[in-house]
Amino acid sequence: KEVPLMLQHSPRKAALRSAILPGWGQAYNKQYWKIPIVYAAIGTTAGLFIYNLENYKRIKYAYTVAYNKDPVGSPAYNAVDDDLKPILGFPEALRTYRNSFRQSMDYSALFFILAWGLNVADATVFAHLKSFNVDDDLSLKIVPGYSPGANTTGINLVVYIK
């Protein structure tokens with residue numbers, strides 16, 4: 001049974017829609033159950049990025065204060081978060097701590113892009129598979145055959161898909 005061209009799912013449309021708005025391609029493919037999964041993946045990675053960015057900024061500031069050796073009670077010292085004040089005497093520890101959050105921030109950005117890309121790939125692949133025929137009427141036959149190019153006879157394996 002041939003699907004009319006107007007009713008066929010366009011993989012291009014699905015990919016473009018998912019690239020613009022995550023989950024839109026899944027909605028186009030009528031796979032609504034995947035939309036929460038897409039938003040969970042993208043939302044989690046975005047949340048991790050924001051968490052790591054905020055910690056990176058506050059530790060970077062504390063490292064700057066420790067590196068400049070601002071005295072206790074100065075405005076710069078007082079602006080440092082209370083949980084970081086005990087380690088202001090160890091600038092190298094702050095630097096290591098800061099670099100750790102920077103690395104985590106980079107990884108979370110990478111995973112965000114990867115999750116978005118998987119969302120687009122999923123929508124595209126399933127739009128391609130939407131018009132795939134999965135009827136039970138598939139058959140396999142072994143028939144004798146002749147190859148005029150090679151001028152030989154042999155056995156052909158023929159798959160009939162209706």
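For the single chain, residues carry numbers from 1 onward in sequence order.
A donor-acceptor contact shorter than 3.5 Å is absent between the side chain of Thr44 and the backbone of Ala41. Under the 3.5 Å distance criterion, the side-chain polar atoms of Tyr107 are left unmatched by any main-chain donor or acceptor of Arg102. Between the side chain of Asn52 and the backbone N or O of Leu48 there is at least one donor-acceptor pair closer than 3.5 Å. Not a single donor-acceptor pair under 3.5 Å links the side chain of Trp116 to the backbone N or O of Pro22. Listed for the Lys130 side chain is a donor-acceptor partner under 3.5 Å among the backbone atoms of Asn29. Under a 3.5 Å cut-off, the side chain of Tyr61 and the backbone N or O of Ala76 do form a donor-acceptor pair. A donor-acceptor contact shorter than 3.5 Å is absent between the side chain of Ser18 and the backbone of Val120. For Asn78 (side chain) and Gly73 (main-chain N/O), a donor-acceptor pair under 3.5 Å exists by modelled atom type.
Nearest heavy-atom pair across Ala66 and Leu94 is CB-CD1, 3.8 Å. Summarising the geometry of Thr45 relative to Ile42, their closest heavy-atom pair is OG1-O, 2.9 Å, with the distance given to 0.1 Å. Pairing each heavy atom of Thr124 with each of Ala15, the nearest pair is OG1-CB, 3.0 Å. Ala14 and Tyr28 make their closest contact through CB-CD2, 3.8 Å (heavy atoms, listed as atom of the first residue, atom of the second, distance). Between Tyr77 and Val65, the shortest heavy-atom distance links the atoms CA-CG1, 4.2 Å. Across every non-hydrogen atom of Leu84 and Ala62, the tightest pair is CD1-CB, 3.8 Å.
By the 4.5 Å heavy-atom criterion applied to side chains, Phe90 and Tyr97 are not counted as neighbours. Gln26 has its side chain within reach of Asn119: a pair of non-hydrogen atoms, C-beta onward, lies under 4.5 Å apart.
Atom OG of Ser108 and atom CD1 of Ile50 lie 9.5 Å apart (nearest 0.5 Å). A distance of 15.0 Å separates CZ in Phe101 from NZ in Lys60, rounded to the nearest 0.5 Å.
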With side chain to side chain contact (heavy atoms under 4.5 Å, CB included) as the criterion, how do Leu88 and Lys69 come out once you've worked through the C-alpha distance, each side chain's angles and the decisive distance to 0.1 Å? CA-CA 9 Å; Leu88 280 177; Lys69 296 182 171 90; over 6 Å; no
Evaluate the criterion side chain to side chain contact (heavy atoms under 4.5 Å, CB included) for residue pair Phe126 and Lys34; output intermediate values, then yes/no. CA-CA 11 Å; Phe126 281 94; Lys34 289 184 179 179; 3.1 Å; yes
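With hydrophobic clusters built from ILVMFWY side chains whose heavy atoms lie under 4.5 angstrom apart, Tyr67 shares a cluster with Ile87. One hydrophobic cluster, built from ILVMFWY side chains closer than 4.5 Å, holds both Tyr56 and Val80.
By the neighbour-count criterion of 12 heavy atoms within 6.0 Å, atom NZ of Lys13 is sparsely surrounded, having that number or fewer from other residues, nucleotides or ligands.
Residues passing the side chain to side chain contact (heavy atoms under 4.5 Å, CB included) test with Leu53, sequence neighbours excluded: Phe49, Lys57, Met105.
Counting Ile, Leu, Val, Met, Phe, Trp and Tyr side chains that sit under 4.5 Å apart, directly or through other members, Tyr39 shares a hydrophobic cluster with Leu16, Ile20, Leu21, Trp24, Tyr32, Ile35.
The side-chain tip of Arg98 points at the ring of Tyr63 from less than 6.0 angstrom away and within 45° of straight on.
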